[in-house]
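What follows is a short report on a single structure.
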There are 2 protein chains.
Amino acid sequence: MFELGQLRCFVAVAEELHFRRAAARLNMTQPPLSRQIQMLEQELGFPLFLRSSRAVRLTPAGAVFLDQARNLLRMAEGAAQEALRVARGETGSLTIGFTAASSYAALPRLVALVRAGAPGIELNLREMVTGEQWTALRAGAIDLGLLRPPAHGLPFLRLEREALLLALPRAHPLAGEEAVDPAVLEGQPLITYPPLDGRYLHDLVLSVLRLSGVAPGRVQHVSQTHSILALVGAGIGLALVPQAAERFRPVDVVLRPLRGTPPLLAELILTWPEAGNPVLEAVLAVLRREWAEPARGTPRT
Amino acid sequence: MFELGQLRCFVAVAEELHFRRAAARLNMTQPPLSRQIQMLEQELGFPLFLRSSRAVRLTPAGAVFLDQARNLLRMAEGAAQEALRVARGETGSLTIGFTAASSYAALPRLVALVRAGAPGIELNLREMVTGEQWTALRAGAIDLGLLRPPAHGLPFLRLEREALLLALPRAHPLAGEEAVDPAVLEGQPLITYPPLDGRYLHDLVLSVLRLSGVAPGRVQHVSQTHSILALVGAGIGLALVPQAAERFRPVDVVLRPLRGTPPLLAELILTWPEAGNPVLEAVLAVLRREWAEPARGTPRT
DNA sequence: TTTCCTTACGCCTATCGTAAGCATA
DNA sequence: TATGCTTACGATAGGCGTAAGGAAA
């Protein structure tokens with residue numbers, strides 16, 4: 001097969017229609033140029049030029065091949081440029097796994113920051129629960145995970161810290177209070193996260209209860225926060241949910257801080273398999289620089 | 001700039017993710033393959049692979065470059081194939097200049113024969129008068145000319161020979177005759193071709209008159225046959241036109257052979273700049289093989 | 001005679017293959 | 001210890017440059 005150098009020789013001769021001038025343009029002498037063209041012609045199996053000792057002309061097949069050669073050379077340069085931009089993290093694509101809950105506040109903010117700070121980078125978004133995200137991170141199916149701790153040793157960035165709020169029906173006697181005493185949970189049916197799939201929030205809720213010295217009644221496990229809120233609204237029980245739930249709270253449910261509770265904060269982290277992907281590095285650089293924990297990430301005072 | 005050989009090395013390693021197996025596939029040993037990849041990486045300015053002494057993985061930029069490299073290699077092979085087909089005359093395009101008169105019989109027949117006999121060849125058709133065709137042939141703007149003689153020394157193929165017929169209004173007293181005596185032209189107004197632009201037919205008409213010993217009256221010069229026929233229909237005068245005019249004769253005009261006239265035949269030729277274009281050769285081969293002068297090309301008996 | 005492409009020939013460089021080096025599981 | 005990529009080194013082949021050849025205006 002021919003080589004790109006031969007194509008460069010061919011294009012030069014085809015454009016100059018003069019071997020000596022073409023050779024000068026290529027910074028070489030003319031005999032080796034003649035040989036390169038001959039070898040190219042032999043490789044291709046047809047003549048590219050009609051040499052009449054006084055003039056050089058392209059054959060019809062040569063004219064066709066000239067178009068192709070120019071295309072190939074242009075594409076070759078473009079290929080290097082394109083990949084170089086990816087290597088520099090200036091362009092490329094990342095796939096982000098995110099939990100349903102994060103899609104209301106953290107995810108839109110993250111997408112907006114990346115769009116503004118690294119406009120060449122395309123983000124593919126895939127909603128999946130925390131457990132799926134770990135699998136996907138290990139398999140390389142996603143480049144970033146937006147999920148709850150722990151990070152299992154992987155590098156991570158903490159995006160949000162939010163207090164757990166008590167979710168109770170609007171019709172509940174204490175719904176009008178500014179803040180609610182944890183004691184009301186004593187013996188009450190509680191809806192909380194499952195210990196495996198939603199381990200982090202499950203443990204966090206238990207910590208809150210333990211620290212408050214409260215023992216709830218029957219406990220129901222539901223993994224998605226919006227389902228929990230729906231059950232609360234239906235009067236099935238009370239629940240402790242992260243503050244972000246305020247964004248998708250049904251109208252018949254209200255969220256209230258627990259009075260006197262030590263600030264147990266639910267964290268949302270961004271994690272990734274490892275360093276080395278420049279596109280990823282570019283996105284992380286933007287986030288480290290631009291992301292400031294919003295005021296709403298701290299509990300109401 | 002990198003070379004296609006390096007791309008082949010890169011694609012092999014990227015597909016095998018294993019230098020030794022890739023080297024085997026490329027019929028070389030593994031150390032030079034490593035060097036080629038290193039040189040390619042240095043050329044590009046970014047690493048293509050992450051080597052961890054136990055596994056080889058593509059970097060994100062490497063994955064992008066793999067796509068580009070595959071495209072380039074595929075295009076390189078395609079380029080040679082495409083141009084080779086042109087060199088063999090199997091495909092390509094030709095531009096044909098043709099006169100308005102030829103577009104009724106000779107041109108459609110020619111196009112049909114080429115379509116059937118050389119299906120890969122595309123024909124571009126450009127109507128132009130004979131004089132324009134000569135300029136275009138010299139400039140390379142058309143590859144073939146469908147025009148009246150002479151060929152001015154260029155190679156040519158005679159496509160048709162047709163008698164000159166007398167065009168006269170249907171209302172003319174002699175319109176009912178099977179053939180007309182040339183003597184009727186004596187002193188009559190005559191519409192014929194201009195001596196410069198339509199030189200060939202002009203001279204041919206004069207020859208017919210001279211051989212018949214007839215001197216017409218006032219002579220009007222009009223270059224396009226369909227215009228001549230329109231003037232005949234309007235009673236402006238009589239005319240001698242090639243038999244092909246039968247195809248686009250107005251209903252109020254009839255064409256009749258001249259009785260006793262020696263067979264002065266108007267020829268239509270196909271001419272081209274020179275040999276050497278395989279696409280042209282392929283078309284000419286088809287025409288030489290398939291073209292038979294049709295019966296309608298000879299004068300009525 | 002001049003121009004311009006091709007052929008011939010010697011040198012040099014770049015690539016290949018073999019062998020040794022080095023890190024990891 | 002085995003596997004697998006890299007480094008080192010000598011041999012070879014392919015490409016470049018100089019010089020001579022040959023055809024056409």
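Keep in mind it's a predicted model, so treat the numbers as computed, not measured. Numbers restart at 1 for each chain; the letters A, B, ... are given by sequence-line order, proteins then strands. Below, all heavy atoms of this structure are taken into account, side chains as well, without hydrogens, waters or symmetry copies.
As a whole-Å value, the separation of B/Met39 CE from C/dC16 C1' is 12 Å. What separates CD of A/Glu3 from C1' of C/dA14 is a distance of 14 Å, to the nearest Å. Atom CG in A/Leu50 sits about 15 Å away from atom P in D/dA24, given to the nearest Å.
Counting heavy atoms from C-beta outward, A/Leu58 and A/Phe65 have side chains that stay 4.5 Å or more apart.
Counting heavy atoms of neighbouring residues, nucleotides and ligands inside a 6.0 Å radius, atom CZ of B/Arg51 exceeds 12 of them.
The side chain of B/Arg51 places an N or O atom within less than 4.0 Å of a non-bridging phosphate oxygen (OP1 or OP2) of D/dT6. Of the side-chain N and O atoms in A/Gln36, one or more sit less than 4.0 angstrom from OP1 or OP2 of D/dC16. At least one side-chain nitrogen or oxygen of B/Gln38 sits closer than 4.0 Å to the OP1 or OP2 atom of D/dT7.
Of all nucleotides listed (C/dC4, D/dG17, C/dT15), D/dG17 comes nearest to the side chain of A/Met28. Residue B/Ser34 has its side chain nearest to D/dT6 when only C/dC16, C/dT6, D/dT6 are considered. Between D/dG15, C/dA8, D/dT6, one nucleotide has an atom nearer to the side chain of A/Arg35 than all others, and that is C/dA8. Taking every side-chain heavy atom of B/Thr29 into account, C/dT18 is the closest of D/dC5, C/dT18, C/dT6. Nearest to the side-chain atoms of A/Pro31 among the listed nucleotides C/dA8, C/dT15, D/dT6 stands C/dA8.
Where A/Cys9 and B/Arg20 each meet DNA chain D at their nearest nucleotide, the meeting point lying more 5' is that of B/Arg20. Toward the 5′ end of DNA chain C lies the nearest nucleotide of A/Phe19, the other residue of the pair B/Asn27 and A/Phe19 mapping further downstream.
Salt bridge B/Arg148/B/Glu267: absent, no basic N to carboxylate O contact under 4.0 Å.
Side chains of B/Ser34 and B/Gln38: a donor-acceptor N/O pair is absent below 3.5 angstrom, by distance only.
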